[in-house]
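Since this is a predicted model, take the numbers as computed values, not measurements.
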Amino acid sequence: MQEIFHMLWRGLAIGVLVSAPMGPVGMLCIQRTLNKGRRSGLHTGLGAALSDLLYCLLTGFGLSFIEGFLERNQDVIQLIGSAVLIGFGVYIFKQNPSKRLKKAPSATASFKKDFISGFLFTFSNPLILFLIIGLFARFNFLMPEIRFYHYIVGFIFILAGAVGWWYVVTLFVDKVRAHFNLRSMWLINRVIGSIILIFACVGIATSISNMAS
């Protein structure tokens, strides 16, 4: 029972810490919560949480050949992911929030797109693998005396921690949403779009530099 409790809190801590860095997917989650509503932002976060869990599973079960593939091709993956980010960054920068106020995009298809884009944004950054390895080492998540069913509990709570993080983020953003007028949301679109474009440009520059060296 003690081992299960240890895996429970370790899983929660890893799930929160692996999701907490406010990268491009975090910016996208905030923007969608403000412009399209909390459900849209939460679906984006759920996609990111699933991607985080997948990377944790790859690390936890020691799939070294997949880790090796990601390490060998991380520059190419980062370059492709950065190119996708540029498209989203430009789209958000040019988005007119007044159109969102005229109709509420609550269709299931839209939430599926939010979920998939959140997943792909996070999965396109293989550098998160090194963060997960560091967190696993910091919290002694991988130990020989821990049994298989203990790890199941740990991975379930990694997902719970990641989902809980995005739940809190979207809840907070949705609560302060009423304090933003149309001009504020217009400005936020441009600020967040610019931040995503900066992330993308840095990623492209880094990838090209690494491939050239």
**N/O donor-acceptor pair under 3.5 Å between T206 side chain and V202 backbone** =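 Yes.
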
Flag the pair [X] / [Y] as yes when at least one side-chain heavy-atom distance between them is below 4.5 Å, and no otherwise.
{"X": "S110", "Y": "K36", "value": "yes"}
{"X": "M7", "Y": "F157", "value": "no"}
{"X": "L8", "Y": "L12", "value": "yes"}

**Request:** Decide yes or no on side chain to side chain contact (heavy atoms under 4.5 Å, CB included) for F121 and L28, but give the supporting numbers first.
**Result:** CA-CA 9 Å; F121 268 31; L28 186 64; 3.6 Å; yes

Grab the two heavy atoms, one from [X] and one from [Y], that are nearest each other, plus how far apart they are.
{"X": "L53", "Y": "F155", "result": "CD1-O, 3.5 Å"}
{"X": "T33", "Y": "G41", "result": "OG1-CA, 3.3 Å"}
{"X": "S117", "Y": "D114", "result": "OG-O, 2.9 Å"}

Spacing of [atom1] belonging to [X] relative to [atom2] belonging to [Y], to within rounding of 0.5 Å:
{"X": "K113", "Y": "H43", "atom1": "NZ", "atom2": "NE2", "value": "14.0 Å"}
{"X": "I158", "Y": "Y55", "atom1": "CD1", "atom2": "OH", "value": "15.0 Å"}
{"X": "S40", "Y": "L34", "atom1": "OG", "atom2": "CG", "value": "10.5 Å"}
{"X": "I132", "Y": "L57", "atom1": "CD1", "atom2": "CG", "value": "9.5 Å"}

**Request:** Test side chain to side chain contact (heavy atoms under 4.5 Å, CB included) on L50 and F115 and set out the steps.
**Result:** CA-CA 9 Å; L50 180 61; F115 180 89; 3.6 Å; yes

**Message:** Going by ring-ring contact (aromatic ring centres under 6.0 Å, His included), name the residues that satisfy it together with F119, two or more places apart in sequence or in a different chain.
**Reply:**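 For F119 the ring-ring contact (aromatic ring centres under 6.0 Å, His included) partners, ignoring immediate neighbours, are F123.
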
**Asked** T122 and D52: side-chain donor and acceptor closer than 3.5 Å?
**Response**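 The answer is no; no qualifying pair exists.
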
Please list, chain by chain and in numerical order, all residues satisfying side-chain contact (heavy atoms from CB on, under 4.5 Å) with [X], sequence neighbours excluded.
{"X": "A49", "result": "L159, A162, V163, W166"}
{"X": "A13", "result": "F139"}
{"X": "I156", "result": "I152"}
{"X": "L120", "result": "I116"}

**Asked** Do the side chains of L54 and L17 join up, straight or via other hydrophobic residues, at under 4.5 Å, putting them in one cluster?
**Response**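 Yes; L17 is reachable from L54 via cluster members.
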
**Residues that T170 engages under side-chain hydrogen bond (donor to acceptor under 3.5 Å, both in side chains), provided they are two or more places apart** =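 T170 satisfies side-chain hydrogen bond (donor to acceptor under 3.5 Å, both in side chains) with R38 only.
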
**Prompt:** How far apart are the C-alpha atoms of R39 and F111, what are their side-chain angles, what is the distance that settles it, and do they pass the side chain to side chain contact (heavy atoms under 4.5 Å, CB included) test?
**Reply:** CA-CA 8 Å; R39 288 185 66 188; F111 292 138; 3.6 Å; yes

